[in-house]
Amino acid sequence: MPEHRAPESPPLARAGIDRAADERSVEGLVDLLRGEAATRVVAVHGDRGLVEASGSRLHLLAPDAVGEAAEWAFLGRDAQGAVVLLAVTAADAEAPAAGEQAARWRALREVGGALDPIDAGLLVEAVSLGRWLVDAPYCSACGARTVVRAAGWARHCPACGREHFPRTDPAVIVAVQSADGERLLLGKNALWAGRNMYSTFAGFVEAGESLESTVAREVLEEAGIALTDVRYRGSQSWPYPRSLMLGFHATAVPGAEARGDGEEIVDVRWFARDELAEAFAAQAQDAAGGAGFALPGPASIAHRLILDWVERSA
(Lines give C-alpha, C1' and ligand atoms only; values in the text may rest on other atoms or scores of the structure.)
Protein backbone atom coordinates (compact mmCIF):
# COMPACT_ATOMS: atom_id res chain seq x y z
CA MET A 1 0.00 0.00 0.00
CA PRO A 2 1.21 3.56 -0.67
CA GLU A 3 2.38 5.48 2.36
CA HIS A 4 -0.03 8.20 3.49
CA ARG A 5 1.36 11.22 5.27
CA ALA A 6 -0.48 14.06 6.94
CA PRO A 7 -0.89 17.00 4.58
CA GLU A 8 1.30 19.98 5.29
CA SER A 9 -0.21 23.23 6.50
CA PRO A 10 -0.48 26.06 3.98
CA PRO A 11 2.70 28.17 4.29
CA LEU A 12 1.12 31.20 5.92
CA ALA A 13 -0.89 29.05 8.34
CA ARG A 14 2.30 28.32 10.27
CA ALA A 15 2.47 29.37 13.90
CA GLY A 16 4.68 32.32 14.70
CA ILE A 17 5.89 33.49 18.09
CA ASP A 18 4.06 33.57 21.43
CA ARG A 19 1.83 36.63 21.12
CA ALA A 20 1.82 37.08 24.92
CA ALA A 21 -1.57 38.81 24.75
CA ASP A 22 -1.75 39.12 28.54
CA GLU A 23 1.04 41.75 28.41
CA ARG A 24 -0.82 44.12 26.07
CA SER A 25 -2.73 45.75 28.94
CA VAL A 26 0.46 47.12 30.52
CA GLU A 27 0.36 50.91 30.24
CA GLY A 28 3.12 52.28 28.01
CA LEU A 29 4.36 48.77 27.19
CA VAL A 30 5.74 49.55 23.73
CA ASP A 31 7.70 52.62 24.86
CA LEU A 32 9.09 50.64 27.77
CA LEU A 33 10.20 47.75 25.56
CA ARG A 34 11.73 50.03 22.94
CA GLY A 35 14.27 50.98 25.59
CA GLU A 36 15.45 47.41 26.22
CA ALA A 37 18.67 46.35 24.53
CA ALA A 38 17.46 42.82 23.79
CA THR A 39 14.29 43.93 21.98
CA ARG A 40 14.13 43.21 18.25
CA VAL A 41 11.87 44.82 15.67
CA VAL A 42 10.08 43.52 12.59
CA ALA A 43 10.08 46.49 10.23
CA VAL A 44 7.21 46.56 7.75
CA HIS A 45 6.87 49.00 4.85
CA GLY A 46 3.46 48.60 3.23
CA ASP A 47 3.29 44.83 2.79
CA ARG A 48 7.06 44.34 2.68
CA GLY A 49 9.37 43.10 5.40
CA LEU A 50 13.15 43.08 5.69
CA VAL A 51 14.44 39.68 4.61
CA GLU A 52 18.02 38.40 4.75
CA ALA A 53 19.88 37.55 1.54
CA SER A 54 19.19 33.83 2.01
CA GLY A 55 15.48 34.55 1.62
CA SER A 56 14.62 32.18 4.46
CA ARG A 57 14.90 34.49 7.50
CA LEU A 58 13.58 37.88 8.52
CA HIS A 59 16.14 40.58 9.25
CA LEU A 60 15.23 42.05 12.65
CA LEU A 61 16.37 45.50 13.72
CA ALA A 62 17.25 47.14 17.01
CA PRO A 63 14.63 49.70 18.11
CA ASP A 64 17.01 52.65 17.66
CA ALA A 65 17.51 51.69 13.99
CA VAL A 66 13.90 52.60 13.18
CA GLY A 67 12.81 56.18 12.53
CA GLU A 68 10.15 57.95 14.57
CA ALA A 69 7.66 58.05 11.66
CA ALA A 70 6.68 54.43 12.25
CA GLU A 71 3.61 53.11 14.05
CA TRP A 72 4.65 50.71 16.80
CA ALA A 73 3.07 47.59 18.31
CA PHE A 74 3.93 44.61 20.51
CA LEU A 75 4.03 41.34 18.54
CA GLY A 76 5.04 39.01 21.37
CA ARG A 77 8.04 37.02 22.59
CA ASP A 78 10.24 34.52 20.78
CA ALA A 79 11.17 31.04 22.01
CA GLN A 80 13.90 32.53 24.23
CA GLY A 81 11.50 35.05 25.76
CA ALA A 82 12.96 38.04 23.89
CA VAL A 83 10.56 40.83 22.94
CA VAL A 84 9.58 41.34 19.30
CA LEU A 85 8.01 44.64 18.28
CA LEU A 86 6.47 45.89 15.05
CA ALA A 87 7.43 49.17 13.39
CA VAL A 88 5.29 49.86 10.32
CA THR A 89 5.41 52.67 7.80
CA ALA A 90 2.90 53.33 5.02
CA ALA A 91 3.75 52.21 1.50
CA ASP A 92 3.84 55.82 0.29
CA ALA A 93 6.23 56.94 3.06
CA GLU A 94 10.01 56.63 3.03
CA ALA A 95 11.14 53.15 3.99
CA PRO A 96 13.43 52.79 7.01
CA ALA A 97 17.07 52.01 6.23
CA ALA A 98 17.72 48.30 5.85
CA GLY A 99 20.63 48.40 8.29
CA GLU A 100 22.74 45.95 6.32
CA GLN A 101 23.32 45.69 2.60
CA ALA A 102 22.42 42.00 2.71
CA ALA A 103 18.84 42.74 3.83
CA ARG A 104 16.18 43.53 1.25
CA TRP A 105 12.59 44.72 1.39
CA ARG A 106 10.46 41.82 0.11
CA ALA A 107 6.68 41.48 -0.19
CA LEU A 108 4.90 38.89 1.94
CA ARG A 109 3.24 37.23 -1.05
CA GLU A 110 6.67 36.95 -2.70
CA VAL A 111 8.67 35.35 0.12
CA GLY A 112 6.09 33.94 2.53
CA GLY A 113 6.40 30.42 1.16
CA ALA A 114 10.19 30.34 1.45
CA LEU A 115 10.60 31.77 4.95
CA ASP A 116 11.46 29.72 8.01
CA PRO A 117 8.11 28.60 9.53
CA ILE A 118 8.40 30.81 12.62
CA ASP A 119 9.43 33.82 10.55
CA ALA A 120 6.61 33.22 8.07
CA GLY A 121 4.05 33.34 10.87
CA LEU A 122 5.72 36.39 12.36
CA LEU A 123 5.67 38.31 9.08
CA VAL A 124 1.99 37.50 8.53
CA GLU A 125 1.20 38.84 12.01
CA ALA A 126 3.30 41.95 11.40
CA VAL A 127 1.85 42.79 7.98
CA SER A 128 -1.73 42.10 9.06
CA LEU A 129 -1.53 44.25 12.19
CA GLY A 130 0.65 46.86 10.52
CA ARG A 131 -1.71 47.47 7.61
CA TRP A 132 -4.59 47.99 10.04
CA LEU A 133 -2.58 50.46 12.13
CA VAL A 134 -1.71 52.49 9.04
CA ASP A 135 -5.00 52.20 7.14
CA ALA A 136 -7.61 52.64 9.88
CA PRO A 137 -6.69 55.63 12.07
CA TYR A 138 -10.22 57.10 12.19
CA CYS A 139 -13.37 55.97 13.98
CA SER A 140 -15.76 54.30 11.54
CA ALA A 141 -18.73 55.56 13.57
CA CYS A 142 -18.01 59.28 14.01
CA GLY A 143 -14.86 59.98 11.98
CA ALA A 144 -12.72 61.19 14.90
CA ARG A 145 -9.04 60.33 15.11
CA THR A 146 -8.56 57.31 17.36
CA VAL A 147 -5.90 56.60 19.97
CA VAL A 148 -3.86 53.39 19.83
CA ARG A 149 -4.22 51.17 22.87
CA ALA A 150 -3.44 47.61 24.01
CA ALA A 151 0.13 47.88 22.69
CA GLY A 152 -1.14 48.34 19.12
CA TRP A 153 -4.00 45.83 19.18
CA ALA A 154 -6.90 48.25 19.72
CA ARG A 155 -7.95 51.82 18.96
CA HIS A 156 -10.10 53.97 21.23
CA CYS A 157 -12.26 56.80 19.92
CA PRO A 158 -12.08 59.75 22.37
CA ALA A 159 -15.13 61.37 20.73
CA CYS A 160 -17.75 58.61 20.92
CA GLY A 161 -16.03 56.07 23.16
CA ARG A 162 -16.04 53.16 20.73
CA GLU A 163 -13.28 50.56 20.72
CA HIS A 164 -11.95 49.28 17.40
CA PHE A 165 -9.94 46.13 16.72
CA PRO A 166 -8.07 44.74 13.71
CA ARG A 167 -10.57 43.43 11.18
CA THR A 168 -10.41 39.99 9.62
CA ASP A 169 -12.77 39.22 6.73
CA PRO A 170 -13.51 35.51 6.09
CA ALA A 171 -13.16 34.30 2.51
CA VAL A 172 -13.41 30.82 1.02
CA ILE A 173 -11.09 29.33 -1.57
CA VAL A 174 -11.80 25.98 -3.23
CA ALA A 175 -10.16 23.48 -5.57
CA VAL A 176 -12.81 21.68 -7.64
CA GLN A 177 -12.15 18.23 -9.09
CA SER A 178 -14.19 16.51 -11.79
CA ALA A 179 -16.79 13.90 -10.86
CA ASP A 180 -14.37 11.10 -11.79
CA GLY A 181 -11.51 12.70 -9.83
CA GLU A 182 -9.21 12.85 -12.85
CA ARG A 183 -9.17 16.59 -13.57
CA LEU A 184 -9.04 19.85 -11.61
CA LEU A 185 -10.97 22.98 -12.59
CA LEU A 186 -9.09 26.29 -12.40
CA GLY A 187 -9.95 29.79 -13.55
CA LYS A 188 -8.18 32.86 -14.88
CA ASN A 189 -9.04 36.13 -13.12
CA ALA A 190 -9.63 39.28 -15.14
CA LEU A 191 -7.20 41.13 -12.85
CA TRP A 192 -4.34 38.99 -14.14
CA ALA A 193 -4.19 40.73 -17.49
CA GLY A 194 -1.10 39.69 -19.44
CA ARG A 195 -0.47 36.68 -17.18
CA ASN A 196 -1.62 33.26 -18.31
CA MET A 197 -2.20 32.17 -14.72
CA TYR A 198 -4.89 29.81 -13.45
CA SER A 199 -5.94 29.37 -9.85
CA THR A 200 -8.64 28.07 -7.54
CA PHE A 201 -11.95 29.89 -7.00
CA ALA A 202 -12.39 32.29 -4.10
CA GLY A 203 -14.76 34.85 -2.66
CA PHE A 204 -15.78 36.65 0.52
CA VAL A 205 -18.40 35.29 2.88
CA GLU A 206 -21.53 37.43 2.68
CA ALA A 207 -23.62 38.56 5.66
CA GLY A 208 -25.58 35.69 7.17
CA GLU A 209 -23.89 33.07 4.96
CA SER A 210 -22.22 29.84 6.03
CA LEU A 211 -18.84 28.78 4.64
CA GLU A 212 -20.38 25.84 2.78
CA SER A 213 -22.99 28.08 1.18
CA THR A 214 -20.29 30.54 0.14
CA VAL A 215 -18.26 27.77 -1.52
CA ALA A 216 -21.29 26.59 -3.51
CA ARG A 217 -22.37 30.11 -4.48
CA GLU A 218 -18.93 31.33 -5.56
CA VAL A 219 -18.17 28.34 -7.79
CA LEU A 220 -21.63 28.43 -9.35
CA GLU A 221 -21.32 32.17 -10.02
CA GLU A 222 -17.76 32.10 -11.31
CA ALA A 223 -17.63 28.78 -13.15
CA GLY A 224 -21.24 27.59 -13.57
CA ILE A 225 -20.54 24.39 -11.65
CA ALA A 226 -22.65 22.83 -8.89
CA LEU A 227 -20.73 21.00 -6.17
CA THR A 228 -20.88 17.98 -3.94
CA ASP A 229 -18.57 16.58 -1.24
CA VAL A 230 -17.26 19.92 0.04
CA ARG A 231 -14.37 19.26 2.44
CA TYR A 232 -12.52 21.73 4.65
CA ARG A 233 -8.72 21.67 4.20
CA GLY A 234 -7.22 24.47 6.31
CA SER A 235 -6.89 28.22 6.69
CA GLN A 236 -4.35 30.93 6.12
CA SER A 237 -4.17 34.62 6.91
CA TRP A 238 -3.88 36.69 3.74
CA PRO A 239 -3.59 40.42 4.52
CA TYR A 240 -4.61 41.61 1.05
CA PRO A 241 -6.25 43.54 2.50
CA ARG A 242 -7.33 41.65 5.65
CA SER A 243 -8.62 38.22 4.72
CA LEU A 244 -8.70 34.87 6.45
CA MET A 245 -8.68 32.34 3.62
CA LEU A 246 -10.61 29.15 4.45
CA GLY A 247 -9.56 26.42 2.05
CA PHE A 248 -11.75 23.62 0.70
CA HIS A 249 -11.69 20.73 -1.74
CA ALA A 250 -14.91 19.87 -3.59
CA THR A 251 -16.21 17.69 -6.41
CA ALA A 252 -18.26 18.86 -9.39
CA VAL A 253 -21.62 17.21 -9.99
CA PRO A 254 -21.57 14.92 -13.05
CA GLY A 255 -22.41 16.46 -16.41
CA ALA A 256 -21.91 20.09 -15.46
CA GLU A 257 -20.38 22.33 -18.14
CA ALA A 258 -17.84 24.83 -16.83
CA ARG A 259 -17.86 28.40 -18.10
CA GLY A 260 -16.34 31.61 -16.75
CA ASP A 261 -18.67 34.42 -15.72
CA GLY A 262 -16.97 36.73 -18.24
CA GLU A 263 -16.43 39.47 -15.68
CA GLU A 264 -14.32 38.28 -12.77
CA ILE A 265 -13.33 34.94 -14.33
CA VAL A 266 -12.47 35.26 -18.02
CA ASP A 267 -11.58 31.63 -18.65
CA VAL A 268 -11.90 28.23 -16.96
CA ARG A 269 -10.05 25.02 -17.80
CA TRP A 270 -9.96 21.42 -16.67
CA PHE A 271 -6.38 20.28 -15.99
CA ALA A 272 -4.97 16.77 -15.75
CA ARG A 273 -2.48 15.88 -12.99
CA ASP A 274 0.47 15.65 -15.36
CA GLU A 275 -0.21 19.15 -16.72
CA LEU A 276 -0.22 20.63 -13.22
CA ALA A 277 2.81 18.61 -12.15
CA GLU A 278 4.70 20.03 -15.15
CA ALA A 279 3.70 23.57 -14.19
CA PHE A 280 4.86 23.04 -10.60
CA ALA A 281 8.20 21.68 -11.87
CA ALA A 282 8.65 24.74 -14.09
CA GLN A 283 7.76 27.00 -11.15
CA ALA A 284 10.34 25.29 -8.92
CA GLN A 285 13.00 25.91 -11.57
CA ASP A 286 11.84 29.51 -11.97
CA ALA A 287 11.05 28.76 -15.61
CA ALA A 288 8.06 31.08 -16.02
CA GLY A 289 5.67 29.83 -18.67
CA GLY A 290 7.55 26.54 -19.06
CA ALA A 291 4.27 24.64 -18.97
CA GLY A 292 2.40 27.17 -21.11
CA PHE A 293 0.56 28.57 -18.08
CA ALA A 294 1.38 29.66 -14.52
CA LEU A 295 0.07 28.61 -11.13
CA PRO A 296 -0.15 30.55 -7.82
CA GLY A 297 3.09 31.00 -5.90
CA PRO A 298 4.04 28.82 -2.92
CA ALA A 299 3.09 31.47 -0.34
CA SER A 300 -0.61 31.03 -1.13
CA ILE A 301 -3.12 28.49 0.10
CA ALA A 302 -4.25 28.19 -3.55
CA HIS A 303 -0.85 26.63 -4.30
CA ARG A 304 -1.30 24.16 -1.44
CA LEU A 305 -4.83 23.18 -2.51
CA ILE A 306 -3.72 22.44 -6.07
CA LEU A 307 -0.62 20.57 -4.89
CA ASP A 308 -2.74 18.47 -2.52
CA TRP A 309 -4.77 17.27 -5.48
CA VAL A 310 -1.75 16.65 -7.71
CA GLU A 311 -0.04 14.56 -5.03
CA ARG A 312 -3.13 12.52 -4.22
CA SER A 313 -3.03 8.95 -5.51
CA ALA A 314 -5.30 8.42 -8.52
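Start at 1 with the first residue, then count along the sequence. These figures come from a predicted structure and were not determined experimentally.
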Could you go through residues 136-147 and list every donor-acceptor pair under 3.5 Å that involves a side-chain atom there, pairing it with any protein atom two or more places apart or in another chain?
{"from": "T146", "atom 1": "OG1", "to": "P137", "atom 2": "O", "distance (Å)": "2.6"}
{"from": "T146", "atom 1": "OG1", "to": "R155", "atom 2": "NH1", "distance (Å)": "3.1"}

(message) For the backbone of P296 and the side chain of H303, can you confirm whether one donor and one acceptor N or O come within less than 3.5 Å of each other?
(response) yes

(message) Any side-chain to backbone donor/acceptor pair from R57 onto G55? Under 3.5 Å, distance only.
(response) no

(message) Just so I know, are the side chains of L122 and V84 near enough to count as touching, which here means a heavy-atom distance under 4.5 Å?
(response) yes

(message) Any side-chain to backbone donor/acceptor pair from T39 onto L33? Under 3.5 Å, distance only.
(response) yes

(message) Looking at every heavy atom in both T228 and A252, which two are closest together, and how far apart are they?
(response) CG2-O, 4.4 Å

(message) Per the ring pair (Phe, Tyr, Trp, His ring centres under 6.0 Å) rule, what does the pair list look like for residues 28-54, sequence neighbours excluded?
(response) H45-W105

(request) Look at the side-chain heavy atoms of Ile, Leu, Val, Met, Phe, Trp and Tyr, link any pair under 4.5 Å apart, and say whether I17 and V88 land in one connected group. (result) yes

(request) Determine the sole option in V41, V44, V127, V30 for which the side-chain contact (heavy atoms from CB on, under 4.5 Å) test with L86 is passed. (result) V44

(request) Please work out whether the ring planes of F248 and Y232 are parallel, tilted or perpendicular, with thresholds of 30° and 60°. (result) perpendicular

(message) I'd like to check R162 versus H156 (side-chain heavy atoms, cut-off strictly below 4.5 Å). Are they in contact?
(response) no

(request) Only counting residues at least two apart or in another chain, list the ones meeting ring pair (Phe, Tyr, Trp, His ring centres under 6.0 Å) with W238. (result) Y240

(request) Under the side chain to side chain contact (heavy atoms under 4.5 Å, CB included) rule, what do L50 and L61 come out as? Steps first, then yes or no, please. (result) CA-CA 9 Å; L50 276 176; L61 302 176; 3.8 Å; yes

Donor-acceptor list for residues 70-81 side chains, cut-off 3.5 Å, not counting sequence neighbours:
{"from": "R77", "atom 1": "NE", "to": "E23", "atom 2": "OE1", "distance (Å)": "3.4"}
{"from": "R77", "atom 1": "NE", "to": "E23", "atom 2": "OE2", "distance (Å)": "2.7"}
{"from": "R77", "atom 1": "NH1", "to": "G81", "atom 2": "O", "distance (Å)": "2.8"}
{"from": "R77", "atom 1": "NH2", "to": "E23", "atom 2": "OE1", "distance (Å)": "3.1"}
{"from": "D78", "atom 1": "OD1", "to": "Q80", "atom 2": "N", "distance (Å)": "2.9"}
{"from": "D78", "atom 1": "OD1", "to": "G81", "atom 2": "N", "distance (Å)": "3.0"}
{"from": "D78", "atom 1": "OD1", "to": "A82", "atom 2": "N", "distance (Å)": "2.9"}

(message) With a 6.0 Å cut-off (strictly less than), is the heavy-atom count around CZ of R217, excluding the residue itself, greater than 12?
(response) yes

(request) Over all heavy atoms of both residues, which pair between G152 and L133 is shortest? Give the atoms and the distance, please. (result) O-CD2, 3.5 Å

(request) Can you see which heavy atom on L123 is nearest to which on G49, and at what distance? (result) CD1-CA, 4.1 Å

(request) Output every pair passing ring pair (Phe, Tyr, Trp, His ring centres under 6.0 Å) with a member in residues 249-268, not counting sequence neighbours, ordered by first then second residue. (result) none

Please list, one pair per line, the donor and acceptor atoms closer than 3.5 Å that link side chains of residues 190-207 to other protein atoms, with sequence neighbours excluded.
{"from": "N196", "atom 1": "OD1", "to": "K188", "atom 2": "NZ", "distance (Å)": "2.9"}
{"from": "N196", "atom 1": "ND2", "to": "G292", "atom 2": "O", "distance (Å)": "2.7"}
{"from": "Y198", "atom 1": "OH", "to": "D267", "atom 2": "OD2", "distance (Å)": "2.3"}

(request) Only counting residues at least two apart or in another chain, list the ones meeting salt bridge (Lys or Arg N to Asp or Glu O under 4.0 Å) with E36. (result) none

(request) Keeping the roles fixed (side chain from Q283, backbone from L295), state whether a donor-acceptor pair exists under 3.5 Å. (result) yes

(message) Check whether T214 reaches the backbone of S210 with its side chain - one donor and one acceptor, N or O, closer than 3.5 Å.
(response) yes

(message) Tell me which pairs pass salt bridge (charged side-chain N to carboxylate O under 4.0 Å, His left out) where either residue lies in residues 168-181, with sequence neighbours left out.
(response) R167-D169

(request) Not counting sequence neighbours, list each pair that qualifies as a salt bridge (charged side-chain N to carboxylate O under 4.0 Å, His left out) and has a residue in residues 125-140. (result) R19-E125

(request) Answer yes or no: is there an ion pair linking D22 with R24, defined by an N-O contact shorter than 4.0 Å? (result) no

(request) With the side chain counted from C-beta on, respond yes when V174 and V219 share a heavy-atom pair under 4.5 Å apart, and no when they do not. (result) yes

(request) Apply ring pair (Phe, Tyr, Trp, His ring centres under 6.0 Å) to H164 and list each qualifying residue two or more places apart in sequence or on a separate chain. (result) none

(message) Measuring only between side-chain heavy atoms, which start at C-beta, is I301 closer than 4.5 Å to R233?
(response) no

(message) Could you tell me if the side chain of L244 sits less than 4.5 Å from the side chain of S235, heavy atoms only?
(response) yes

(message) Would R304 and E311 count as a salt bridge (Lys or Arg N to Asp or Glu O under 4.0 Å) here? Give the steps.
(response) CA-CA 10 Å; R304 184 69 253 173; E311 293 181 337; 3.4 Å; yes

(request) Give a yes or no on whether V266 and V268 share a hydrophobic cluster (residues Ile, Leu, Val, Met, Phe, Trp, Tyr; joining criterion: side-chain heavy atoms under 4.5 Å apart). (result) no

(request) Answer yes or no: is there an ion pair linking R149 with E163, defined by an N-O contact shorter than 4.0 Å? (result) yes

(request) Taking all non-hydrogen atoms of both residues into account, name the closest pair between L58 and D119 and its distance. (result) N-OD2, 2.7 Å

(message) Between V310 and L184, does the side chain to side chain contact (heavy atoms under 4.5 Å, CB included) criterion hold? Intermediate values first, please.
(response) CA-CA 9 Å; V310 170; L184 195 71; 5.9 Å; no

(message) Assess whether a salt bridge exists between D308 and R312, defined as any Lys/Arg side-chain N lying under 4.0 Å from an Asp/Glu carboxylate O.
(response) no

(request) State, with a plain yes or no, whether a side-chain heavy atom of R34 is found less than 4.5 Å away from one of L85. (result) yes

(message) Tell me whether S178 contacts the main-chain N or O of R183 through its side chain, where contact means a donor paired with an acceptor under 3.5 Å.
(response) yes

(request) Could you pull out all residues at least two apart from D116 that satisfy salt bridge (Lys or Arg N to Asp or Glu O under 4.0 Å)? (result) none

(request) Would you kindly confirm whether L186 and W270 end up in one hydrophobic cluster when ILVMFWY residues are joined by side chain heavy atoms under 4.5 Å apart? (result) no

(message) So, taking the atom named CD in E218 and the one named CD in E264, what distance separates them when rounded to the nearest 0.5 Å?
(response) 6.5 Å

(request) For the pair I225 and L220, evaluate side chain to side chain contact (heavy atoms under 4.5 Å, CB included) and give the outcome as yes or no after the intermediate values. (result) CA-CA 5 Å; I225 294 290; L220 188 62; 5.9 Å; no

(request) Identify the two heavy atoms, one from A250 and one from V230, that lie closest to each other, and give their separation to 0.1 Å. (result) CB-CG2, 4.0 Å

(request) Only counting residues at least two apart or in another chain, list the ones meeting salt bridge (Lys or Arg N to Asp or Glu O under 4.0 Å) with E110. (result) R106

(message) For the CG atom of L227 and the CD atom of E212, what is their distance to the nearest 0.5 Å?
(response) 12.0 Å

(request) Measure across L185 and A223 and return the closest heavy-atom pair with its distance rounded to 0.1 Å. (result) CD2-CB, 4.0 Å

(message) If hydrophobic clusters are built from ILVMFWY residues whose side chains come within less than 4.5 Å, do F271 and V176 share one?
(response) no

(request) Would you check if L108 and P239 make a side-chain contact, meaning some heavy-atom pair closer than 4.5 Å? (result) yes

(request) Indicate, with yes or no, if M245 and L211 share a hydrophobic cluster defined by side-chain heavy-atom contacts under 4.5 Å among Ile, Leu, Val, Met, Phe, Trp and Tyr. (result) no

(request) Take I306 and F280 through the side chain to side chain contact (heavy atoms under 4.5 Å, CB included) test and state the conclusion after the steps. (result) CA-CA 10 Å; I306 299 169; F280 278 129; 3.7 Å; yes

